[in-house]
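Keep in mind that this is a model prediction, so the values were computed, not measured.
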Amino acid sequence: MSATETHRAVEAVWRIESSRLIAGLTRFVRDVGHAEDLAQDALVAALERWPVTGIPDNPGAWLMATAKHRAIDQMRRSTRVDAKHAEIGVALDAERDAEVDLLDAAIDDPVGDDLLGLIFMTCHPVLSSEGQVALTLRLLGGLSTPEIARAFLVPEATVAQRIVRAKRTLAQAKVEFDVPRGSDLTARTPAVLGVIYLIFNEGYSATAGDAWTRPTLCDEALRLGRILVGLAPQEREVHGLLALMELQASRLRARSGPAGEPILLLDQDRAQWDQLLIRRGLAALDQAGALGELGPYGLQAAIAACHARARIASETDWTLIAALYGALVALSPSPVVELNRAVAVGMAVGPAPALAIADALGSEGSLEQYYLLHAVRGDLLEKLGRFEEAAAEFDRGGTLTRNERERTILLDRAAAARRQSGAAADRPAS
């Protein structure tokens, strides 16, 4: 194997093993920044040695052993230069041996608990949402700082600062590396799920830039969701979120045309939907239901399942979707969810009652700067033949979105609505 091929293999191993490695080290050193430094040292050693010795049979174990020995060496150097410890004499050796034994035990702990502890640490509420996302993608997703920066269209320096700040905050707050149990696990799980879903949503529908989707982020969110399901199999909303992401990700290939142009749900070629992801999503949804009443993520997954089960758009059960959105609003009130319910009501019943819901949301004011409120109102007004009003709403939505692909869609629809308005005005009265 050439050096280039070996380097590629090292990168592949790192992407798979880095989160486990950092998690195991963090359990002992109690500092996620220090743990990442140790893991990076092991990676450098692999890049230096593996082109010469070849890739070991168990590369993950090699990286862990190398990082562990590095940690032990650092600990020994620290104890040697500590004058106070030096005065203790024989007691120093006993203490050092005890620390090394503790390190061995900590790193050899079950990988599941280590990974789960790292997930809860990177999603800790003492961090800002930006810090949670950046640190989670860095340590658990295995993405580099430039990759995260490209995914979120922010400067590399900004991402680097977020990561450094997050590590410092965790250290200063003395956040424990532990796995919540029982009611504590239930209480803290929503924050973890929220971070993973935020990552997925940014990939599924990019908030800014020229790209309609960012599949890399969807892939990383799915990876994290699958890990979490394996680590917390009795948490129904963990299964619910995974089901939702699997089902939505099944449409990714069909969401964009050859030139990257957006293709909306009702216009997609469903033959391009990924049937494996659909089967996985439906299975995860069944598992969520088997664990109790569906929560917010489970209900959203049930809505996605209605689309997945429809062979063609006209077979979609919009009445059930509207009812599911009603249940979601009751369980987790949100103006955005209510807006989605308006869309479902429009498809199930007609545009007039749906417009009444959207108008009420507009009057309430919280979504005034949300481009999709105006996009939905424009669609409903257009269906009611109120073309000039529809054009104004599409224009408004186009000015509010930061995604160039969405802006193009909305402005094109505004122009089309004005053409329809002009055609209607030219028709003689009957």
Side-chain angles (χ1 to χ4, degrees), residues 7-47 49-50 55-72 74 100 102-124 132-145 147-148 163 166-167 170 175-181 185 188-189 192-193 195-196 199 216 219-233 235 238 242:
H7 278 208
R8 288 176 182 159
V10 172
E11 290 172 2
V13 169
W14 175 255
R15 182 62 61 92
I16 294 169
E17 299 291 344
S18 61
S19 59
R20 295 183 179 91
L21 183 61
I22 294 168
L25 292 165
T26 302
R27 177 178 290 279
F28 174 71
V29 299
R30 303 290 171 175
D31 184 322
V32 72
H34 186 198
E36 189 186 13
D37 289 341
L38 290 168
Q40 291 285 346
D41 287 345
L43 174 63
V44 170
L47 289 169
R49 297 181 195 175
W50 290 2
I55 298 174
D57 292 337
N58 190 336
W62 189 97
L63 289 168
M64 179 65 82
T66 301
K68 177 176 68 172
H69 292 150
R70 172 74 169 165
I72 292 171
Q74 289 180 350
V100 171
L102 177 59
L103 175 59
D104 289 330
I107 293 180
D108 291 338
D109 271 353
V111 147
D113 274 2
D114 286 346
L115 276 176
L116 191 56
L118 186 59
I119 289 173
F120 275 88
M121 178 174 262
T122 61
C123 299
H124 198 280
Q132 290 172 339
V133 168
L135 196 58
T136 298
L137 286 173
R138 174 78 171 145
L139 300 184
L140 284 149
L143 297 187
S144 67
T145 298
E147 286 173 323
I148 299 169
I163 293 171
K167 292 177 184 175
L170 290 173
V175 171
E176 288 293 324
F177 180 84
D178 60 2
V179 179
R181 304 293 182 186
L185 176 64
R188 286 182 56 188
T189 296
V192 174
L193 298 181
V195 170
I196 294 174
I199 293 169
T216 297
D219 290 343
E220 292 303 324
L222 279 167
R223 177 175 175 272
L224 293 171
R226 290 165 186 160
I227 289 173
L228 195 55
V229 160
L231 302 178
E235 292 291 318
V238 172
L242 181 60

Backbone of Phe120 reached by a side-chain donor or acceptor of Arg188 within 3.5 Å: yes
Note, Arg49 side chain near Trp62 side chain (heavy atom, < 4.5 Å): yes
Pairwise distance CD(Glu36) to CG(Leu43) - rounded to 0.5 angstrom: 10.5 Å
Non-hydrogen atoms of Ala221 and Ile199 that approach each other most closely: CB-CG2, 4.1 Å
CG on Leu228 to CD1 on Ile196, rounded to 0.5 Å: 5.0 Å
From Leu63 atom CG to Leu38 atom CG, the distance as rounded to the nearest 0.5 Å: 12.5 Å
Value rounded to 0.5 Å, distance of OG1 in Thr122 from CD1 in Ile163: 11.5 Å
Minimal non-hydrogen separation, Leu135 against Ala166, with atom names: CD2-CB, 4.0 Å
Min side-chain heavy-atom separation Leu25-Leu21 under 4.5 Å: yes
Closest approach of Ile55 to Pro59 (non-hydrogen atoms, all atoms of both residues): CG2-CB, 4.3 Å
Between Gln132 and His124, a side-chain donor and acceptor under 3.5 Å: no
Validation row: Thr26, Asp114 side chains within 4.5 angstrom (heavy atoms): no
Check: Lys167 and Asp31 side chains under 4.5 Å, non-hydrogen atoms: no
Working for side-chain contact (heavy atoms from CB on, under 4.5 Å), residues His34 and Gln74: CA-CA 11 Å; His34 186 198; Gln74 289 180 350; 2.8 Å; yes
4.5 Å side-chain heavy-atom contact, Val133 and Ile148: no
side-chain contact (heavy atoms from CB on, under 4.5 Å) partners for Val229, two or more places apart: Val238, His239, Leu242
Rounded distance [0.5 Å steps], CG in Leu222 versus CD1 in Ile227: 11.0 Å
Heavy-atom check, side chain of Val32 versus side chain of Phe177, under 4.5 Å: no
Least distance between heavy atoms, Leu115 atom then Ala23 atom: N-CB, 3.8 Å
Under 3.5 Å donor-acceptor, Glu235 side chain and Ala232 backbone: no
Spacing of CG belonging to Leu140 relative to CG belonging to Leu118, to within rounding of 0.5 Å: 4.5 Å
Side chains of Ser19 and Leu139 in contact at under 4.5 Å (non-hydrogen atoms): no
Side chain to side chain, Met64 and Arg20, heavy atoms closer than 4.5 Å: no
